[in-house]
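Reviewing the structure listed below.
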Amino acid sequence: MGRYIKIFDTTLRDGEQSPGASMTLDQKVEMAEALESLGVDVIEAGFPVSSKVQFEAVRRVAGTLKTAAVVGLSRCVKKDIDITYEAVKDAVHPMLHLFIATSPLHREFKLKKDRSQVLESIATHLDYARQYFKRIEFSPEDASRTETDFLLEVIKTAIAHGATTINIPDTVGFSMPDEFGELIEKLVSEIPEFQSGAVDLSVHCHNDLGLAAANSLAAVKAGASQVEVTLNGIGERAGNCALEELVMGLEVRRDLYNVDTRIQKEYLYPTGKLLQNLTGLLFQRNKPIFGDNVFTHESGIHQHGVLAHRETYEIMNPNTIGRHSESLVMGRHSGKHALQEKLRQYNIRLSEEQFQKVFERFAEIADKKKEVYDEDLFSIVSNVLGGTIDGYRMPYFHVYTGNTLIPSATIKLIEKDEEYIASATGDGPVDAVFNAIDKCCHITTRLEEYIIQAVGSGKDAQGQVKLMLEIEQELFAGKASSTDIVEASALAYLNAVNRYVLKRLSNGHSEADEQESQMAEATGKSRTK
Ligand code: KIV
Ligand code: ZN
């Protein structure tokens with residue numbers, strides 16, 4: 001047994017802040033449960049003061065999880081702390097994550113506070129938070145660009161006022177691994193509470209230079225006892241340290257690190273896939289650990305080597321992370337029991353109602369196709385979960401197309417009790433359907449990305465469409481599949497439009513925005529990273 005490293009997952013907070021990654025309440029709860037089964041110690045479920053939907057998501061996750069601590073993010077503002085407490089108080093292990101920026105740049109241009117004012121704010125808000133919380137993590141935002149002497153003062157103040165974890169964010173992904181490791185080593189050597197384990201020393205690295213995992217690993221080597229990660233590395237800008245990269249780095253190079261986590265590695269890939277399906281954010285093919293190419297060998301020399309001895313070109317076994325080369329094929333004779341077993345293997349947990357819908361859709365597809373592959377199942381599950389996004393539904397569509405006429409489409413959409421019908425022409429049937437949807441929804445969009453591929457194999461494979469829509473200067477991902485590719489395209493488009501509707505409804509004018517603009521007047525602008 002090695003030293004124990006806690007995994008703090010912020011997929012639902014920092015991860016969800018990345019464009020196109022927003023999830024519905026049900027999807028967040030589903031993801032939180034999957035992360036808990038995966039074995040993470042702490043789940044940051046959101047930023048409760050930022051909107052009613054964020055508050056509700058954190059509250060629901062807090063009420064659901066059994067073993068993981070549930071954290072809400074909060075600025076050094078009393079109202080944030082009150083609201084975060086209300087959101088997490090029903091958790092088995094409630095926790096607060098309090099932050100304020102400490103670097104000279106942020107102090108001068110964002111906060112307009114000097115060093116002593118920052119220290120005062122930390123002391124005041126930790127004292128205030130202690131009435132509610134036993135476990136409090138404190139983060140000096142932009143720590144890696146903060147003067148080391150001041151950073152030490154900040155940490156000592158936070159510990160003296162009750163912080164039980166100190167998190168060191170490399171907020172803008174600026175650090176280099178050697179440098180970051182040295183910083184962590186210095187903090188451990190100067191702070192007795194880190195040496196004794198009375199206070200956890202955590203790190204939170206962003207990936208702007210592609211070094212988030214390298215910096216986090218350097219920090220573990222230097223003595224950090226917790227690492228903050230997101231699944232699939234989603235997060236602000238270039239994202240955060242990817243959970244799977246950290247965990248597999250520690251595993252594959254156990255000889256260097258000799259540390260343990262509670263992560264159930266065989267759930268890594270299925271959980272990453274679940275997140276991919278819920279958000280529609282694709283893995284690039286060469287993405288470490290999860291990409292399609294990672295266990296594929298193209299060159300003859302490599303193929304020969306792998307056949308002779310797998311380790312010649314593979315440093316990990318795909319089975320370790322739950323990637324199975326030969327999928328258990330499901331078909332029209334597979335019953336509910338087999339489907340349940342399959343979903344269980346992939347750690348997909350559904351409510352009875354969701355399971356029933358998945359089963360019905362599975363049975364329909366199994367009738368049309370000889371074999372239903374795991375990829376088909378993933379897309380059925382994500383359609384069913386995606387279908388829980390409130391918004392437009394499409395009871396019917398028609399297209400006329402051919403090489404001698406102008407393609408046209410007519411669609412009917414329903415939102416709540418309203419019906420909308422529109423027709424439009426286009427360059428092709430897909431374009432015509434998209435134009436008809438725009439007319440029904442009175443929106444202007446720009447199609448930033450459109451990918452169609454077959455899932456499963458054979459002529460009867462389902463068409464899976466993944467796309468990215470820009471609406472009002474924001475990006476929204478959409479994903480759907482069907483044996484009819486025009487239908488798959490229309491559903492993926494609607495999926496993205498519904499994410500926009502959801503975001504508009506929930507985040508329109510959040511309390512935090514109001515509060516931030518008030519604060520901005522007094523202190524300059526502030527945004528979380
Ligand atoms: O990147 C960052 O600094 C953050 C803090 C809120 C911890 O996300
Ligand atoms: Zn961050």
Side-chain angles (χ1 to χ4, degrees), residues 6-19 21 42-50 54 58 69 71-77 80-81 84 88 95-107 109-111 118 121-122 125-126 129 135-146 151 154-155 158 163-175 180 183-184 187 200-213 215-216 219 224 226-243 245-246 512 515-516 519 525-529:
K6 286 186 188 154
I7 302 294
F8 175 120
D9 182 277
T10 181
T11 305
L12 298 177
R13 199 277 298 169
D14 219 334
E16 215 229 1
Q17 282 174 217
S18 51
V42 185
I43 292 182
E44 186 164 49
F47 183 21
V49 77
S50 66
Q54 283 272 331
V58 178
V71 185
L73 182 68
S74 165
R75 293 167 301 183
C76 281
V77 174
D80 280 30
I81 299 170
T84 303
V88 299
M95 197 169 159
L96 175 74
H97 181 184
L98 192 67
F99 78 99
I100 190 167
T102 53
S103 65
L105 267 174
H106 282 239
R107 293 196 311 261
F109 295 106
K110 190 177 84 176
L111 297 177
V118 170
S121 181
I122 295 170
H125 292 97
L126 279 166
R135 292 176 67 177
I136 306 176
E137 169 168 308
F138 173 75
S139 289
E141 189 189 6
D142 207 15
S144 55
R145 292 193 299 171
T146 300
L151 184 61
V154 162
I155 294 173
T164 53
T165 301
I166 300 291
N167 177 47
I168 305 298
D170 181 25
T171 301
V172 288
F174 175 74
S175 262
F180 198 60
L183 173 65
I184 299 303
L187 300 182
D200 270 313
L201 173 55
S202 171
V203 292
H204 174 113
C205 298
H206 279 269
N207 208 25
D208 299 63
L209 293 172
L211 294 169
N215 282 333
S216 305
Q226 173 176 288
V227 182
E228 301 201 355
V229 291
T230 59
L231 195 61
N232 303 348
I234 64 173
E236 282 279 349
R237 307 180 310 278
N240 290 55
C241 173
L243 185 157
E245 290 173 22
L246 177 89
Q515 225 180 329
E516 268 200 9
M519 272 178 75
K525 243 189 157 349
S526 127
R527 280 243 163 249
T528 58
K529 293 287 177 320

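A quick note: this is a predicted structure, and the numbers were derived from the prediction, not measured. Whatever order the structure lists ligands and atoms in, that order sets their numbers, starting from 1.
- Side-chain atoms of P169 and S144, non-hydrogen and from C-beta on, never get closer than 4.5 Å to each other.
- For the salt bridge (charged side-chain N to carboxylate O under 4.0 Å, His left out) test, residues two or more places apart in sequence or in another chain that qualify with R107 are E147.
- With a 4.0 Å heavy-atom cut-off, ligand 1 is reached by the backbone of T171 and by its side chain too.
- Every atom of ligand 1 with a heavy atom of S139 under 4.0 Å away is listed here by number and element: 7 (C).
- Distances between N or O atoms of H206 and those of ligand 1 include at least one value under 3.5 Å.
- Taking backbone and side-chain atoms together, E236 has no N/O/S atom less than 2.8 Å away from the Zn ion (ligand 2).
- Heavy-atom proximity to E141, at under 4.0 Å, picks out these atoms of ligand 1: 3 (O).
- In terms of distance to the Zn ion (ligand 2), the nearest N, O or S atom of H206 is named NE2.
- For the residue pair D142/T171, the side-chain donor-acceptor check at 3.5 Å is not satisfied.
- Residue H97 has at least one heavy-atom neighbour below 4.0 Å for each of these atoms of ligand 1: 7 (C).
- Taking the side chain as every heavy atom from C-beta outward, D14 and E236 approach each other to under 4.5 Å.
- Sorting the N, O or S atoms of H204 by how far they are from the Zn ion (ligand 2) puts NE2 first.
- Scanning R13, E236, H204 for the heavy atom closest to atom 6 (C) of ligand 1 points to R13.
- Considering only heavy atoms from C-beta on, E228 stays 4.5 Å or farther from N240 through its side chain.
- Using a 4.5 Å heavy-atom cutoff, the side chains of D170 and H206 are not in contact.
- The side-chain hydrogen bond (donor to acceptor under 3.5 Å, both in side chains) search around T230 returns none, not counting sequence neighbours.
- Taking the N/O/S atoms of D14 in turn, the shortest distance to the Zn ion (ligand 2) belongs to OD2.
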